[in-house]
Amino acid sequence: MKGYAMLKIGESGWIEKEVPKCGPMDAICKPLAVAICTSDVHTLWEGAVGERHNLILGHECCAEITEVGSLVKDFKVGDRVLVPAITPDWNSLAAQAGYSMHSGGMLGGWKFSNFKDGVFSEFFHVNDADGNLALLPANIDVVNACMLSDMVPTGFHGVELADVQFGDSVLVVGIGPVGLMSVAAASMRGASRILAVGTRPNCIAAAKKYGADEFISYKNGTIEDQVLALTNGQGVDKIILAGGGNETFESAVKCLKPGGKIGNVNYLGSGDYVQIPRAEWGVGMGHKMINGGLMPGGRLRMEKLGSLVSSGRLDVSPLTTHVFDGWDHLEEALFLMRDKPADLIKPVVKLAD
Ligand SMILES: [Zn+2]
């Protein structure tokens with residue numbers, strides 16, 4: 001089979017590989033559509049997870065099952081499925097402890113394009129098929145279905161980590177596709193006011209549609225100064241970090257109310273430390289909680305998030321700005337994500353209807 005791989009840091013291309021073997025609890029799938037993620041760019045060009053040789057990239061797709069193992073109960077060949085970016089081992093102790101995403105070690109649930117071949121391939125392997133796949137609802141098209149692999153579950157997890165409650169004032173830092181889903185989720189969770197940090201006009205338009213009320217630009221000064229000015233010096237109840245860098249935690253702590261919570265789903269790709277400002281953290285006693293977590297994967301989660309799209313309560317269509325047809329355009333789509341033209345939110349490559 002053909003797969004589009006990271007040959008080494010900074011180099012990519014199509015390679016030939018054996019079709020993966022299907023274990024008794026596994027499934028082999030072929031993608032119906034794949035989406036490119038900023039993580040693919042970090043992995044390939046920045047070496048964010050370290051050196052990898054001939055590792056097939058990609059972790060966002062929807063797919064059709066081509067083979068199932070003998071112990072798989074709930075899926076069969078020909079089923080169309082949602083595929084989460086994170087595919088935990090559900091028999092692990094980490095999963096029993098409630099942290100399935102860390103099965104096999106910290107962040108170990110992230111397998112595709114990290115330590116196993118990803119989905120930019122004619123066929124790919126899914127461990128624990130009954131635990132990880134979900135049927136693709138018939139009224140979700142294959143392009144929108146790709147947003148359920150990572151953008152929806154990650155953006156929504158930021159809101160879970162920040163524990164947004166009815167009436168909360170919320171700040172979302174970063175309104176790329178993940179941040180946009182955090183805005184949507186904060187709105188669904190009953191936020192009374194949503195401030196968002198971002199400058200790209202199409203992202204601002206989408207964020208407004210998802211419920212953002214006011215926008216902050218890093219070009220106009222620090223985030224904390226602007227948030228404090230907009231909130232009479234009080235700050236916000238909850239903050240979701242879906243962008244920024246190591247230094248953004250400092251801003252977040254400074255404009256968070258005592259008792260507030262920060263939910264980070266931003267991938268911190270470089271540097272050694274995150275700085276927490278001592279005084280604004282209440283000299284260590286401000287009850288300002290900082291959470292950061294990899295999205296949970298798994299079937300139940302995919303079914304629930306899929307039902308939000310299927311029912312029409314969540315419209316993910318504004319996330320995809322560029323759709324390509326066929327594997328021949330995969331590289332073009334990947335390079336587009338690297339170059340990030342102003343009108344890009346998410347590129348998707350369609351392989352079937
Ligand atoms: Zn992704």
Side-chain angles (χ1 to χ4, degrees), residues 3-6 12 29 31-49 52 55-63 81-88 101 107-121 124 126 132-134 142-159 161 174-182 184-185 203 240-243 264-269 292-298 301-302 305-306 309 316 318-324 330 333-338 340 344-350:
Y4 191 87
M6 169 173 179
S12 59
C29 300
L32 298 168
V34 298
I36 319 288
C37 185
T38 310
S39 319
D40 295 312
V41 173
H42 290 319
T43 301
L44 170 57
W45 282 291
E46 291 157 29
V49 296
R52 297 285 190 278
L55 178 77
I56 295 175
L57 291 164
H59 56 266
E60 299 183 16
C61 76
C62 59
V81 287
L82 296 167
V83 182
I86 306 305
T87 51
M101 66 292 274
L107 312 182
W110 177 25
K111 296 180 166 64
F112 294 132
S113 71
N114 184 7
F115 54 83
K116 129 176 166 179
D117 282 327
V119 304
F120 295 168
S121 182
F124 65 91
V126 179
N132 282 318
L133 296 173
V142 297
V143 170
N144 286 336
C146 292
M147 299 304 113
L148 284 157
S149 290
D150 187 359
M151 300 299 97
V152 176
T154 296
F156 276 55
H157 194 45
V159 170
L161 292 171
I175 47 172
V178 168
L180 287 172
M181 289 299 93
S182 296
C203 293
I240 295 110
L241 298 179
N264 178 73
V265 285
N266 189 30
Y267 180 2
L268 302 172
L294 180 65
M295 63 166 259
R301 175 124 175 134
M302 293 307 278
L305 294 176
V309 177
V316 293
L319 300 183
T320 303
T321 50
H322 293 66
V323 179
F324 297 87
L330 182 85
L334 179 67
F335 286 17
L336 192 74
M337 197 59 167
R338 178 193 60 187
K340 283 218 167 76
L344 179 79
I345 299 182
K346 205 69 181 164
V348 172
V349 179
K350 227 177 131 174

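For ligands, and for the atoms within them, numbers begin at 1 and follow the listed sequence.
Considering OG1 of T87 and NZ of K116, their distance stands at 5.0 Å, rounded to 0.5 Å. To the nearest 0.5 Å, atom SG of residue C61 and atom CG of residue D150 are 11.5 Å apart.
A 4.5 Å side-chain heavy-atom check between V119 and E60 finds every atom pair outside the cut-off. The side-chain heavy atoms of L82 and S149, taken from C-beta on, include no pair separated by under 4.5 Å.
Minimum heavy-atom separation, V349 to A333: CG2-CB, 3.7 Å.
For R301, the salt bridge (charged side-chain N to carboxylate O under 4.0 Å, His left out) test picks out E160, with sequence neighbours left out.
Around the Zn ion (ligand 1), protein N, O or S atoms at less than 2.8 Å comprise C37 SG, H59 NE2, E60 OE2, D150 OD2.
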